[in-house]
Engineer: 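Provided herewith is a single structure, encoded as structure tokens, for subsequent inquiry.
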Amino acid sequence: MKKKDDQTYKIAGYDAKGNKDFENFFLLNEPNFNHLENYTFIHPTNCKEVYIQQNNIKFTFKKTVLKAN
């Protein structure tokens, strides 16, 4: 996971064999997530929404389309 700005993250998902399943930009509108701390993907995670748990809090990241600058 890479942080693009305050609310946008580039997230990739992988299957059980280690093959990349998806990669996209996702928005998170919750302030308490820290991408530098340990977190766990919660299933089902897909290319429209990503669910992550950190410190017993569930975060929902929503797929976004970035506009060219």
Side-chain angles (χ1 to χ4, degrees):
M1 175 181 303
K2 294 181 182 179
K3 189 171 184 176
K4 181 175 178 359
D5 58 40
D6 286 343
Q7 296 180 318
T8 308
Y9 297 82
K10 187 175 185 180
I11 301 174
Y14 298 85
D15 65 18
K17 294 181 180 180
N19 299 314
K20 190 180 289 185
D21 191 25
F22 66 87
E23 182 177 70
N24 220 315
F25 289 98
F26 294 83
L27 285 177
L28 178 65
N29 292 320
E30 301 169 45
N32 297 322
F33 180 75
N34 183 343
H35 72 290
L36 300 176
E37 292 183 11
N38 290 334
Y39 56 85
T40 304
F41 284 89
I42 301 173
H43 296 282
T45 289
N46 56 55
C47 58
K48 291 184 181 181
E49 293 180 322
V50 174
Y51 307 102
I52 290 179
Q53 184 170 340
Q54 183 179 68
N55 299 324
N56 295 317
I57 300 170
K58 180 181 174 183
F59 296 94
T60 302
F61 295 75
K62 306 256 184 196
K63 182 179 174 183
T64 185
V65 177
L66 295 180
K67 296 179 180 177
N69 292 339

Engineer: For Q7, check side-chain hydrogen bond (donor to acceptor under 3.5 Å, both in side chains) against everything at least two apart and list the hits.
Structural biologist: N29

Engineer: Give the table of side-chain donor-acceptor pairs shorter than 3.5 Å for residues 16-25, with sequence neighbours excluded, one pair per line with atom names and distance.
Structural biologist:
| from | atom 1 | to | atom 2 | distance (Å) |
| --- | --- | --- | --- | --- |
| K20 | NZ | E23 | OE2 | 3.2 |

Engineer: Which residue pairs satisfy the salt bridge (charged side-chain N to carboxylate O under 4.0 Å, His left out) criterion with at least one member in residues 42-64, sequence neighbours excluded?
Structural biologist: E49-K62

Engineer: Applying side chain to side chain contact (heavy atoms under 4.5 Å, CB included), can you list everything that pairs with Y39, at least two apart in sequence or on another chain?
Structural biologist: M1, F33, F41, I52, Q54

Engineer: Scan for salt bridge (charged side-chain N to carboxylate O under 4.0 Å, His left out) pairs involving residues 33-42, sequence neighbours excluded, and state none if there are none.
Structural biologist: none

Engineer: Restricting to side-chain hydrogen bond (donor to acceptor under 3.5 Å, both in side chains), what partner residues turn up for D5, sequence neighbours left out?
Structural biologist: T8

Engineer: Rounded to the nearest 0.5 Å, what separation is found between the CZ atom of F59 and the CG atom of L28?
Structural biologist: 6.5 Å

Engineer: Suppose clustering is done on Ile, Leu, Val, Met, Phe, Trp and Tyr with side-chain heavy atoms closer than 4.5 Å. Which residues sit in the same group as Y51?
Structural biologist: I42

Engineer: Taking atom NZ of K3 and atom CG of N34, what is their separation to the nearest 0.5 Å?
Structural biologist: 7.5 Å

Engineer: Count I, L, V, M, F, W, Y as connected when their side-chain heavy atoms are under 4.5 Å apart, and connections chain through other members. Are I11 and I57 then in the same cluster?
Structural biologist: yes

